[in-house]
Protein chains: 2
Amino acid sequence: MTQAPAARTALDSVLDRIDQDLPQAVDRLIELLRIPSISTDPAFNADSARAADWLGKDLAAIGFDASVRPTPGQPMVMGRHQGPGRHILFYGHYDVQPVDPLSLWDRDPFDPELQDTPGGKVIRGRGASDDKGQLMTFIEACRAWKAVHGSLPGNLTIFLEGEEESGSPSLVPFMRENADELRSDLALICDTGLFADKPAIVTMLRGITGDEITITAASKDLHSGMYGGLAMNPARVLTKILGAMFDDQGRITIPGFYDDVAELPDAMRAQWQGLGFDHAGFLDEVGLSVPAGEQDRTPLEMLWSRPTAEINGIWGGYQGAGSKTVIPSQAHAKLTFRLVPGMDPDRVQRAFRDWVRAQIPADCEVTFKGKDGAPASEMSIEDPAFEAARLALSEEWGVPAAFVGCGGSIPIAGHFKTVLGTDAMLVGFGRDDDQIHSPNEKYDLKSFHKGIRSWARILDRIAG
Amino acid sequence: MTQAPAARTALDSVLDRIDQDLPQAVDRLIELLRIPSISTDPAFNADSARAADWLGKDLAAIGFDASVRPTPGQPMVMGRHQGPGRHILFYGHYDVQPVDPLSLWDRDPFDPELQDTPGGKVIRGRGASDDKGQLMTFIEACRAWKAVHGSLPGNLTIFLEGEEESGSPSLVPFMRENADELRSDLALICDTGLFADKPAIVTMLRGITGDEITITAASKDLHSGMYGGLAMNPARVLTKILGAMFDDQGRITIPGFYDDVAELPDAMRAQWQGLGFDHAGFLDEVGLSVPAGEQDRTPLEMLWSRPTAEINGIWGGYQGAGSKTVIPSQAHAKLTFRLVPGMDPDRVQRAFRDWVRAQIPADCEVTFKGKDGAPASEMSIEDPAFEAARLALSEEWGVPAAFVGCGGSIPIAGHFKTVLGTDAMLVGFGRDDDQIHSPNEKYDLKSFHKGIRSWARILDRIAG
């Protein structure tokens, strides 16, 4: 006796279509990954324009009313589909991180390919996971939907920026100027990851602020024999200040730094403890073993609900081959601070600067080159779309999806709320070992494939 | 009644010849300065060979039995003149410092020229003062001597190396292998300067040792959002260690660092106080005002008789335009320590390494890339040549010459003593504002001219 097949739904057809079209979807992603749209370095501005143009054309090809909008920085890409139901906006970013140190890449970061690895097939290249591969999951879901249904789903706007990796300087002005188009009932953001192989919806994101400091001592580099012992070395001043930024318990010593930090609600702490985070395995994967944060906090608190101070770069004096017996004139550092709910980016930057200035010797000077920061975000999960998405993700991945935190900063989530009054839902399919911001970035083919299918399932529940 | 002219001596003829030949001497120096013989960077090895060849040919042209001798590094240049009297050896170095930061040079460092400045004519270019201009003062004195006398002075060897700026790795092995040729009754070294416009003979030189340290935390660069707070940042470790290298009184905190430091003899301290060193003016010239060394020491002690620790270079993470939210995998620093009599270079390096290692967290690694150091030198001034040279210098410059210290390290002086048993006398004509090791290096035409004349006077008193 044969079992009757279950009735095939329109969603099934979309999922089938996604499966059949996967090789072509990979080819399209690889084409986009070939464009080195590094937003932080003006040398790549033309490439950013090329990536925006590529996306605008692709959106138009699948039926969006698409446009590439100039800004003082990299262009925005907009795609609009007027349809029934709640207005849903999807956000992603097409810019990528710089690729240095290039010598640590196994292949050209902008010559991507589909590779077999012991862990399965991966798409390797800069931006594969952050965020070109992720934003394409949504576009591919729309493409399949259109192929099956003949039209795009519901009432949809796609909004792609090209400056996320350089602090999104044009984003808020653009949002303000185009608020009518961008204001929506819910924003979907695809720039996060799975949590230990489980699908996850992020409800808490750290904010960020940063600064670049330059300490100048002598008016020129000095001979360390002729002047050494009498002339102040700015690297001595810089290391003294930054070297005292943490106490022995891993706490940041900048006065006032923790003043506004909100404690994690007990309920959330309990839920996080239930996630069974394997911090030892997480650290072991990158060759580490000792949690570096405040010693009285759990590893997930260190990552998701406690602020940080990181030296992203430090430099001064001679770095070349051999030695150079010089007392440098200047020493520099780039820092970022991850912020948690309660902290004000400007206040943190002020506290840092006050603390540094108070430690500069009489004959040294300090200058700062900071930029706008973004506060942390906490999502309200009262919108029923959150539970609908959780169910859709659970169905696709075969395990219950979780509400989690995220240590990274996706300032866009906060901007949607504060500038447009729109709540955001963060769903993504990256993995901890994707090596985003690092050499040999990759995106699992499984993430890409099930990511596309996940969006089809989510749209099926919330669109139209 | 007219006064009869004083009898003209052979020395007067040599000095006249030097005056007449000065424009040609400048041209020759400029030709040598055009060769970018940067010893510390292997990319310039062919240029070092070219500089050695140029000098070998010039020595042969004025009658030396000249040869360019290969070493595992840059070649040595030797010139021998067998003559009567004590065997006198002259040492200089033809290699120069790297030129970065190139953007701070007013012209190509290897396109030297004679320039008019408010302070008088100068020869501008990398190596003009350190040490090509200085070594040419001696060669030009020999050239004039030969022109007037028909032969070179006395019993003379010229010995020029090409690795002084990169720690002279080939020097001691070469000295050992060629000890019979190099052993002499007195070594003259021209790599020092005037003291506040007065001619000076250096009798105390600091030694040097150094190290390059690399601290490795994670196995790759990490995203500062995804890992920040949980993963150790090697720049945090590096700044913590180096930031505690000095106490609030300017003392170096490395355990044992001062154990073997010899106190300055009272007689020398008294003589130095009599030099009237204007430390405020010395610092003011480079935009500084506060003596940075041990607060209970005089400025001249800080410079000449106290040890130092200097960060010559520090680097790690992102240094490019914009920001990169990365936790670097590695952080690095290059350091040198100036040593004073009593200190053993190896023991100082060991003390530094032990101190660093004791502060490395469990999951970080540290590696060191040091090189051989050289102890400090104190000259014996019992050899009558010292007083003869002091008188010759006083005559030429019209002011009494002084015995002084020097903060720089000229390890060759120590090597002459320890390897060959030869005492060294250090006479040079550089000025504090020559910007050696810095952009826009220059040598005063007055230093060059009177330097040549000074050597003629000294040779007249001590050679043959």
Side-chain angles (χ1 to χ4, degrees), chain A residues 40-41 98 166 210 218-226 228-233 235-236 239-240 242-244 286-293 299 302-303 306 308 310-327 334 336 338 361-363 407-409 436-438, chain B residues 40-41 98 166 210 218-226 228-233 235-236 239-240 242-244 286-293 299 302-303 306 308 310-327 334 336 338 361-363 407-409 436-438:
Chain A
T40 199
D41 186 342
S166 52
S219 52
K220 60 178 182 181
D221 288 358
L222 302 175
H223 186 293
S224 73
M226 297 302 140
L230 192 54
M232 182 51 78
N233 185 328
R236 169 175 157 190
T239 56
K240 184 180 179 194
L242 297 184
V286 296
L288 295 173
S289 60
V290 185
M302 292 180 189
L303 280 179
R306 299 297 297 175
T308 69
E310 295 290 355
I311 301 167
N312 305 124
I314 187 166
W315 71 103
Y318 186 66
Q319 306 179 17
S323 68
K324 187 178 179 193
T325 50
V326 71
I327 299 176
K334 287 177 194 273
T336 47
R338 299 283 167 177
D363 56 359
S409 306
I436 65 171
H437 292 213
S438 295
Chain B
T40 197
D41 186 342
S166 51
S219 52
K220 59 179 182 181
D221 287 359
L222 303 175
H223 186 293
S224 72
M226 298 302 139
L230 193 52
M232 182 49 79
N233 185 328
R236 169 175 157 190
T239 56
K240 183 178 179 196
L242 297 183
V286 295
L288 294 173
S289 59
V290 185
M302 292 179 189
L303 280 180
R306 299 297 297 175
T308 70
E310 295 291 354
I311 300 168
N312 305 124
I314 186 166
W315 71 102
Y318 187 66
Q319 306 179 16
S323 68
K324 187 177 180 193
T325 51
V326 72
I327 300 176
K334 288 177 194 272
T336 46
R338 298 284 168 176
D363 56 359
S409 305
I436 65 170
H437 293 214
S438 295

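Letters A, B, ... mirror the listed sequences (proteins, then strands); counts begin at 1. The figures that follow rest on heavy atoms only: side chains count, while hydrogens, waters and symmetry mates do not.
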Could you give me the CA-CA distance, side-chain angles and deciding distance for A/H437 and B/D221, then say whether side-chain contact (heavy atoms from CB on, under 4.5 Å) is met? CA-CA 8 Å; A/H437 292 213; B/D221 287 359; over 6 Å; no
Only pairs of heavy atoms separated by less than 4.5 Å count here; which of B/T308, B/L288, B/T40 has the most with chain A? B/L288
Which bit of A/R236 comes within less than 4.5 Å of chain B, counting heavy atoms only: side chain, backbone, both or neither? both
If I compare all heavy atoms of B/Y318 with all of A/W315, which pair ends up nearest, and what's the gap? O-CZ3, 4.0 Å
Note: vs chain A, highest number of non-hydrogen pairs under 4.5 angstrom among B/G287, B/G293, B/A218, B/G317 is B/A218
Can you tell me how far the CD atom of B/Q319 sits from the CD1 atom of A/I314, to the nearest 0.5 Å? 9.5 Å
Chain A interface, residue from B/K240, B/M232, B/R306, B/H223 that has the most non-hydrogen pairs under 4.5 Å: B/H223
Chain B shares the most heavy-atom pairs under 4.5 Å, among A/P361, A/S166, A/S219, with A/S219
Using a cut-off of under 4.5 Å on heavy-atom pairs, state which of A/G316, A/A244, A/P299, A/G320 scores highest against chain B. A/G316
Of the non-hydrogen atoms in B/A362 and A/V290, which two are nearest, and what is the gap between them? CB-CG2, 4.1 Å
If I compare all heavy atoms of B/M302 with all of A/L230, which pair ends up nearest, and what's the gap? SD-CD1, 3.6 Å
Within the side chain of B/N233, is there an N or O that forms a donor-acceptor pair under 3.5 Å with the backbone of A/I311? yes
Between A/K334 and chain B, which part of the residue has a heavy atom less than 4.5 Å away: side chain, backbone, both or neither? side chain
Counting heavy-atom pairs under 4.5 Å with chain A, which one of B/P98, B/S224, B/S323 comes out on top? B/S224
Within the distance-only criterion (no hydrogens, no angle test), does the side chain of B/N312 pair as donor or acceptor with the backbone N or O of A/T325 below 3.5 angstrom? no
Report the option among A/L222, A/L303, A/T336, A/I436 that has the most heavy-atom pairs separated by less than 4.5 Å from atoms of chain B. A/L303
